[in-house]
Protein chains: 2
Amino acid sequence: MESTVVSTSTQAPDEFDRNVPRICGVCGDKATGFHFNAMTCEGCKGFFRRSMKRKAAFTCPFNGSCTITKDNRRHCQACRLKRCVDIGMMKEFVQYSRGLHMDPSPPILFL
Amino acid sequence: MESTVVSTSTQAPDEFDRNVPRICGVCGDKATGFHFNAMTCEGCKGFFRRSMKRKAAFTCPFNGSCTITKDNRRHCQACRLKRCVDIGMMKEFVQYSRGLHMDPSPPILFL
DNA sequence: GACAGTTCATTCCGTTCA
DNA sequence: TGAACGGAATGAACTGTC
């Protein structure tokens, strides 16, 4: 009989983040899964990708320490992006996934 | 608590190779046996076969020296595949396009 | 039992468009 | 901006063969 190993209190440290609640780490909205390495909602996922792709540079109109919530997340892009980075979202995972950097069949490409 | 089941300590020398711990040499996850010539988990087994069949060419979005773990293995295909090869997984053990052609080289086994 | 291949639900990416 | 969506990659569970 194989003992069914359920997620118990004895978890390896690196398994920890797989069990985080489905709450967006950026704004607290309902999260839909891991996006660019962090548990986030669809909104913050899209916001982060857009920001990275266009290499956006935002400036906080306040004092640079806004608390981001589901309702005010659109108000300060600077602090929202900062929060994204703080919780671990990584630009390296934008644009570089799922076959984009993968050669088609024969490697007869750009030389 | 998960009891760490290690293979019996006293083994004949010639069984040494087959007696490596059931830990995936690529990511450290629980291994299910030898796959394509190396002790790996089901995930890395499937990843290696798919990569070979599709002749994928990956590029590391970081510096090419990612440490692969059970939890981040999906993040860098380049380093994961590199690790597969490093621990001895061989493409020759992967069956290519069914029916089109057989193994290009004979099985290479412990001589 | 060991290890090939196969299946398919799930994860998570980019795109679309209101 | 973000909900909805289509699709590729993943991996646990499975079948087939020796």
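Below, read A as the first sequence line, B as the second, and so on, with proteins coming before strands; counting in each chain starts at 1.
At the heavy-atom level, B:Gly33 lies under 4.0 Å from the strands shown only through sugar-phosphate atoms. Using a 4.0 Å heavy-atom criterion, one finds that A:Lys53 contacts the sugar-phosphate atoms exclusively. Across all strands, B:Gly46 comes closer than 4.0 Å to no nucleic acid atom at all (heavy-atom distances). Counting any heavy atom pair closer than 4.0 Å across all strands shown, B:Arg73 reaches sugar-phosphate atoms only and no base atom.
For C:dG5, its base sits under 3.5 Å from the side chain of B:Lys45 at one donor and acceptor pair at least. With hydrogens and angles ignored, a donor-acceptor pair under 3.5 angstrom links the side chain of A:Arg50 to the base of D:dG2.
Contact annotation: B:Arg74 side-chain N/O to C:dC13 OP1/OP2 distance is not under 4.0 Å.
In this structure, the nucleotide among D:dA9, D:dT1, C:dT6 sitting nearest to the side chain of A:Arg80 is D:dT1. The side chain of B:Gln77 lies closest to D:dA9 when the candidates are C:dA4, D:dG2, D:dA9.
The two residues B:Ile87 and B:Gly25 make their nearest non-hydrogen contact at CG2-O, 3.6 Å.
Of the residues near DNA chain C, A:Arg49 and B:Glu42, the one whose nearest nucleotide (by heavy atom distance) lies more toward the 5' end is B:Glu42.
Using the six-membered ring where Trp is involved, A:Phe58 and A:Phe47 have ring planes that are parallel, under 30° apart on the 30 and 60° scheme.
Between B:Thr69 and B:Asp71, the side chains place no donor N or O within less than 3.5 Å of an acceptor N or O (distance only, hydrogens not considered).
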